Protein chains: 2
Amino acid sequence: MEEQAVEICDDLCVGSDVNLSMVKQKMVDESSAADLAELFKALSDPTRVKLISAMLQQELCVHDLSVLLGMGQSAISHQLRYLRNMRIVKRRKSGKTVFYSLDDSHIEEIFLLTLQHLKHA
Amino acid sequence: MEEQAVEICDDLCVGSDVNLSMVKQKMVDESSAADLAELFKALSDPTRVKLISAMLQQELCVHDLSVLLGMGQSAISHQLRYLRNMRIVKRRKSGKTVFYSLDDSHIEEIFLLTLQHLKHA
DNA sequence: ATAATATATGAATGATTGTTCATATGTTAT
DNA sequence: ATAACATATGAACAATCATTCATATATTAT
């Protein structure tokens, strides 16, 4: 059981009677905050959103994704690499073509939950 | 009932027998993709994640948030403005101090769901 | 009015990002 | 071996971003 060092300065916010140490203890730590931000960042670009939305239905090759999104093959490849590094997407190679599909059901849940919320906002 | 124009090029991906029009119809449209990306972008920065994580517990004034995160007041104010523009956070003014709290339970759900997934990943 | 406190904001800056272009790698067919 | 095709990748560039600094606004106390 480690006692987390809480470095709250002596300053008292006159406008509040909040116990800052208490709040700090329950906050996400530095590393979790970074992880959360990193994951959300992966979903924070329209191109990547569309890629995920397409692969939500079925695995697709780079060329098809490129056609679907109306974007250059290079741009698609770069973004797929990004998503792959984040382990959001996985590859399957078949001859010349490479098929991509979603690798993480967590992402799928988060994506769909957020989509729902946006729909009946 | 508008028929959505699906501009799939004649190119056939040799490596796949996918009906691209079908996939395209089920994909999120341009505007939804932008909205999704915009929302996720709001959560894609460690500072904003920590702010939300703090306010998940209770409303807090700018000064307290500044102390909690160990960051300058200006940086905090700028990010709070961002979150407020996104309607993720709301203000309550009391004398000199301004209290911020979460404005959107959707965000809370998405945030907590993602946090859970990261924990037992 | 003046000082003190809390927050907001515009400008500047360094860092990161998404796309494009050119080219490389890898696979299949001839 | 050569050509054709599918994908990957490095460099470059414009655009966006998060923070800092200086300063402005607003509120309260003296």
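Just so we're on the same page: letters track the sequence lines, and every chain starts at 1. Nothing here was measured: the structure is a model prediction, and the numbers come from that model.
Atom CD in B:Glu59 sits about 12 Å away from atom P in C:dT7, given to the nearest Å.
Each salt bridge (charged side-chain N to carboxylate O under 4.0 Å, His left out) pair with one or both residues in residues 91-102 of chain B, not counting sequence neighbours, appears once here: B:Glu59-B:Arg92.
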- Query: Checking side chain to side chain contact (heavy atoms under 4.5 Å, CB included) for the pair A:Gln79/A:Met71: CA distance, chi angles, key distance, verdict?
  - Reply: CA-CA 11 Å; A:Gln79 296 294 8; A:Met71 291 176 62; 6.0 Å; no
- Query: Hey, mind stepping through B:Val98 and B:Tyr100 against side chain to side chain contact (heavy atoms under 4.5 Å, CB included) and telling me if it holds?
  - Reply: CA-CA 7 Å; B:Val98 177; B:Tyr100 282 85; 3.6 Å; yes
Taking only N/O atoms, report every protein-nucleotides 11-15 of chain C pair under 3.5 Å with atom names and distance.
none

Can you give me the N/O atom pairs linking the protein to nucleotides 24-30 of chain D at distances under 3.5 Å, or say none if there are none?
none

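For DNA chain C, the residues of residues 69-77 of chain A within the heavy-atom distance limit of 4.0 Å (strictly under) are A:Met71, A:Ser74, A:Ala75, sorted by number. Applying a 4.0 Å cut-off to non-hydrogen atoms, the residues of residues 38-57 of chain B that approach DNA chain D are B:Lys41, B:Asp45, B:Thr47, B:Arg48, listed by residue number. Within residues 79-92 of chain A, the residues approaching DNA chain C are A:Gln79, by heavy-atom distance under 4.0 Å.
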Please output the side-chain donor-acceptor pairs of residues 31-39 of chain A that fall under 3.5 Å, not counting sequence neighbours, one pair per line with the distance.
unit_1	atom_1	unit_2	atom_2	d
A:Ser32	OG	A:Asp29	OD1	2.7

Enumerate donor-acceptor pairs with a distance under 3.5 Å from any side-chain N or O in residues 40-47 of chain B to protein atoms, sequence neighbours excluded.
unit_1	atom_1	unit_2	atom_2	d
B:Ser44	OG	B:Lys41	O	2.7
B:Asp45	OD2	B:Thr47	N	3.1
B:Asp45	OD2	B:Arg48	N	3.2

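Nearest heavy atom pair, residue B:Met27 against residue A:Leu68, reads SD-CD2, 4.2 Å. Among all heavy-atom pairs drawn from A:Phe99 and A:Ser94, the shortest one is CE1-CB, 3.9 Å. Considering all non-hydrogen atoms of both residues, A:Val89 and A:Met55 come closest at CG2-CE, 3.4 Å. Between A:Val23 and B:Ala54, the closest heavy-atom pair is CG1-O, 4.2 Å.
Phosphate proximity of D:dA6 to A:Tyr100: absent, as no side-chain N or O sits under 4.0 Å from OP1 or OP2.
Take A:Glu30 and apply the salt bridge (Lys or Arg N to Asp or Glu O under 4.0 Å) test, not counting sequence neighbours, and it matches B:Lys50. For B:Ser74, there are no side-chain hydrogen bond (donor to acceptor under 3.5 Å, both in side chains) partners, not counting sequence neighbours. Every residue meeting the side chain to side chain contact (heavy atoms under 4.5 Å, CB included) condition with A:Lys26, not counting sequence neighbours, appears here in chain and number order: B:Gln57. In this structure, the side-chain hydrogen bond (donor to acceptor under 3.5 Å, both in side chains) partners of A:Ser77, at least two apart in sequence or on a different chain, are A:Gln73.
Side-chain atoms of B:Ser53 come within 3.5 Å of backbone atoms of A:Val28 as a donor-acceptor pair (strictly under, hydrogens ignored). Between the side chain of A:Ser66 and the backbone N or O of A:Val62 there is no donor-acceptor pair closer than 3.5 Å.
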